[in-house]
Visitor: 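Got a structure for you, written out below as structure tokens; questions coming shortly.
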Amino acid sequence: MPELPEVEVLVRHLAPLLKGRRIGVVQVRLAKVVRPDSPRRFAQALRGARFRAVSRRGKYLLFHLRPAGQGGALTLTGHLGMTGRMYLLPAKTPLPRHAAVVLGLGRQNFIFEDSRRFGRLTLAAAPRRNLGPEPLESAFALRPFVAALRQSRQAIKVKLLDQSLLAGVGNIYASEALFRAGIAPALPARRLSESQVRRLRLAIRAVLRQAIAGGSTVPLNYTGQGASDRLFYFGRAPGAPDYYEERLQVYDRAGQPCPRCKTPIRRRVQAARSTYYCPRCQRA
DNA sequence: CACCATGTTCCTTG
DNA sequence: CCAAGGAACATGGT
């Protein structure tokens, strides 16, 4: 489920539920997801710790903890990979098949589940990866963005997935932002005009903000297996309105009419990933 | 069976 | 050294 908006919505959902809660029993059921920590060290560090806050950096979740015993601070860093989920369940509920880590919180468990096992939950202090600016903060300034794009021959769609350029845009919102900006996905980054870069920057921000707003407004079902999960990955709460149909303009809509000009949306492959675009609204 | 999937890292090639 | 492309990771849905 993970691009910046989904992670942000999840962070907002989890923060009030976790704040102040104390971790009891720690179960690492899939050692791989806590690497490079060992399951033992991971469990030992977390037992007795208390959640203070939850935040986000790019697609990473940051759990700020106060460890058991004497002072200090501890950060638990999570990444959902492709299929990771995090949620609370009553402690008496049987664990889901793909529960990778379970943190006991008294009458509830905090579950990190990940069927495809690309996700991580580690003590390693924050991503040691080079992350670009947060797209929704002032750090995402026009000049450096222009300068960075000017240096790359990569197709702009592919470049947008580079987390050192910008943190948090993934395959879905890269297509969405380019559609909104009216820019052809195959255009080499350095070939964008100054005004195109300006439009793209605004489009990225608008698309991400809208997705966060949508996800924060609609009651979501964070735990369900939901047949209609679609792209919010959690599914909506029973009875909640189905707004997912309208949420994405081009992603996964090959053959459907462009919402702006009715030309059929196309799918093409770039860097081994699907890109969706309108050949008319996004001419090279 | 074939193909596709929201992500990141590592290896190879140029 | 860098940029770019592809495979690998592992599992499930259609």
Side-chain angles (χ1 to χ4, degrees), chain A residues 1-11 29-36 56-61 77-86 96-100 112-122 124 126-132 135 148-178 185-191 204 207-208 211-212 214-215 220 222 224-235 244 247-255 266-276:
Chain A
M1 64 158 222
E3 286 186 39
L4 185 153
E6 290 77 29
V7 176
E8 177 65 24
V9 170
L10 179 59
V11 163
R29 310 175 84 237
L30 196 66
K32 182 189 172 204
V33 312
V34 303
R35 277 194 327 209
R56 178 189 61 72
R57 176 76 173 100
K59 301 173 192 173
Y60 292 84
L61 298 105
T77 301
H79 195 292
L80 299 168
M82 296 273 264
T83 52
R85 292 177 167 191
M86 294 181 184
R97 172 138 76 110
H98 297 292
F112 173 41
E113 157 193 87
D114 187 4
S115 63
R116 220 166 140 185
R117 307 183 184 186
F118 290 168
R120 289 288 180 275
L121 189 61
T122 72
R128 53 195 157 300
R129 204 157 167 285
N130 210 29
L131 287 183
L149 294 186
R150 199 172 280 158
Q151 288 180 320
S152 173
R153 307 165 187 274
Q154 256 181 335
I156 184 62
K157 154 63 165 46
V158 176
K159 190 65 188 167
L160 286 178
L161 301 179
D162 176 354
Q163 301 297 295
S164 67
L165 171 72
L166 194 66
V169 172
N171 202 41
I172 295 175
Y173 296 105
S175 282
E176 293 295 312
L178 287 168
L187 191 61
R190 57 158 50 165
R191 302 279 299 279
I204 290 167
V207 159
L208 297 178
I212 292 170
L220 297 171
Y222 288 84
Q225 312 303 326
S228 66
D229 271 7
R230 293 288 298 165
L231 291 170
F232 225 95
Y233 317 115
F234 311 109
Y244 301 101
R247 219 167 66 81
L248 302 173
Q249 311 249 36
V250 293
Y251 184 81
D252 203 21
R253 289 186 182 275
R266 284 203 196 144
R267 170 184 182 269
R268 59 166 290 170
V269 174
Q270 296 181 281
R273 322 221 33 203
S274 294
T275 299
Y276 298 87

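Just so it is clear: chains get the letters A, B, ... in the order the sequence lines come, proteins before strands, and each one is counted from 1. Because only heavy atoms are used, hydrogens play no part in the values below, and waters and symmetry mates are left out as well, while side chains stay in.
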Visitor: Calculate the interatomic distance between A:Leu80 atom CG and C:dT11 atom P; express it in whole Å.
Guide: 18 Å

Visitor: Under 3.5 Å for both donor-acceptor distances, Watson-Crick or wobble: does C:dC9 have a partner, and if so which one?
Guide: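 In the structure as shown, C:dC9 has B:dG7 as its Watson-Crick or wobble partner.
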
Visitor: How close or far is atom P of C:dG13 from atom CZ of A:Arg97, stated in whole angstroms?
Guide: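 For the pair A:Arg97 CZ and C:dG13 P, the rounded distance is 8 Å.
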
Visitor: Taking it one step at a time, do A:Ser152 and A:Lys159 satisfy side chain to side chain contact (heavy atoms under 4.5 Å, CB included)?
Guide: CA-CA 8 Å; A:Ser152 173; A:Lys159 190 65 188 167; 3.4 Å; yes

Visitor: Taking OP1 and OP2 of B:dA5, is either one under 4.0 Å from a side-chain nitrogen or oxygen of A:Tyr276?
Guide: yes

Visitor: What distance, rounded to whole Å, do you find between the two P atoms, one in C:dA10 and one in B:dC11?
Guide: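 The same atom, P, in both gives a distance of 15 Å.
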
Visitor: Please report, rounded to the nearest Å, how far the P atom of B:dA5 is from the CG atom of A:Asp114.
Guide: 18 Å

Visitor: Between C:dC9 and B:dC1, how far apart are the two C1' atoms, rounded to whole Å?
Guide: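 After rounding to an integer number of Å, I get 22 Å for this pair.
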
Visitor: For the residue pair A:Arg153 and A:Arg190, establish whether any side-chain heavy-atom pair is separated by less than 4.5 Å.
Guide: yes

Visitor: Considering only C:dA10, B:dA5, C:dA4, which nucleotide approaches the side chain of A:Gln154 most closely?
Guide: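 For A:Gln154, the side-chain atoms sit closest to C:dA4.
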
Visitor: Please report, rounded to the nearest Å, how far the C1' atom of C:dC2 is from the CG atom of A:Leu165.
Guide: 17 Å

Visitor: Are any of A:Ser274's side-chain N or O atoms less than 4.0 Å away from OP1 or OP2 of B:dA5?
Guide: yes

Visitor: Apply the test side chain to side chain contact (heavy atoms under 4.5 Å, CB included) to residues A:Leu4 and A:Tyr173: give CA-CA distance (whole Å), side-chain angles for both, the deciding distance (0.1 Å), then the verdict.
Guide: CA-CA 9 Å; A:Leu4 185 153; A:Tyr173 296 105; over 6 Å; no

Visitor: Respond yes when some side-chain nitrogen or oxygen of A:His79 is under 4.0 Å from OP1 or OP2 of B:dT8, and no when none is.
Guide: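 So the side-chain polar atoms of A:His79 do come within 4.0 Å of the phosphate oxygens OP1 or OP2 of B:dT8, strictly under.
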
Visitor: Please give, in whole Å, the distance from B:dC3 P to A:Arg267 CZ?
Guide: 12 Å

Visitor: A:Met82 CE to B:dT8 C1': how many Å, rounded?
Guide: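 Going from CE in A:Met82 over to C1' in B:dT8 covers 10 Å.
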
Visitor: Show your working on side chain to side chain contact (heavy atoms under 4.5 Å, CB included) between A:Thr275 and A:Val269 and close with a plain yes or no.
Guide: CA-CA 6 Å; A:Thr275 299; A:Val269 174; over 6 Å; no

Visitor: Quick one: A:Tyr251 OH to B:dC4 P, roughly how many Å, whole number?
Guide: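 Interatomic distance, OH of A:Tyr251 to P of B:dC4: 12 Å.
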
Visitor: Is the distance from OP1 or OP2 of C:dG12 to the nearest side-chain N or O of A:His98 less than 4.0 Å?
Guide: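 It does, given that an N or O in the side chain of A:His98 lies less than 4.0 Å from OP1 or OP2 of C:dG12.
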
Visitor: Check whether any side-chain nitrogen or oxygen of A:Ser152 sits under 4.0 Å from OP1 or OP2 of C:dA4, and answer yes or no.
Guide: yes

Visitor: Any idea which of C:dT11, B:dC4, C:dA10 is nearest the A:Arg116 side chain?
Guide: C:dA10

Visitor: Would you call A:Asp114-A:Arg117 a salt bridge at under 4.0 Å N-O?
Guide: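 Salt bridge: no.
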
Visitor: Checking only heavy atoms, does the side chain of A:Arg117 share a donor-acceptor pair with the base of C:dA10 at less than 3.5 Å?
Guide: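 Looking at the base of C:dA10, it does not pair with any donor or acceptor on the side chain of A:Arg117 (distance under 3.5 Å).
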
Visitor: Could you tell me whether the phosphate oxygens of C:dA4, OP1 or OP2, come under 4.0 Å of any side-chain nitrogen or oxygen in A:Lys159?
Guide: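 Result: no.
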
Visitor: With stacking defined as ring centroids separated by under 5.5 Å and planes differing by under 30°, is A:Phe118 stacked against C:dA10?
Guide: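 No, A:Phe118 does not stack on the base of C:dA10, since the centre distance and plane angle fail the 5.5 Å and 30° test.
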
Visitor: Would you kindly check whether a donor in the side chain of A:Arg273 faces an acceptor in the base of B:dA5, or vice versa, at under 3.5 angstrom?
Guide: no

Visitor: Find the distance A:Arg190:CZ to C:dA3:P and express it as a whole number of Å.
Guide: 11 Å

Visitor: Quick one, A:Leu121 with A:Thr77, criterion side chain to side chain contact (heavy atoms under 4.5 Å, CB included). Give me CA distance, side-chain angles, the key distance, then yes/no.
Guide: CA-CA 6 Å; A:Leu121 189 61; A:Thr77 301; over 6 Å; no

Visitor: So, is A:Arg35 close to the C:dC9 phosphate, meaning a side-chain N or O under 4.0 Å from OP1 or OP2?
Guide: no

Visitor: Expressed as a whole number of Å, how far does the P atom of B:dT8 sit from that of C:dG13?
Guide: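 The same atom, P, in both gives a distance of 23 Å.
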
Visitor: Out of B:dA5, B:dT8, C:dG12, which nucleotide sits closest to the side chain of A:Gln163?
Guide: B:dT8

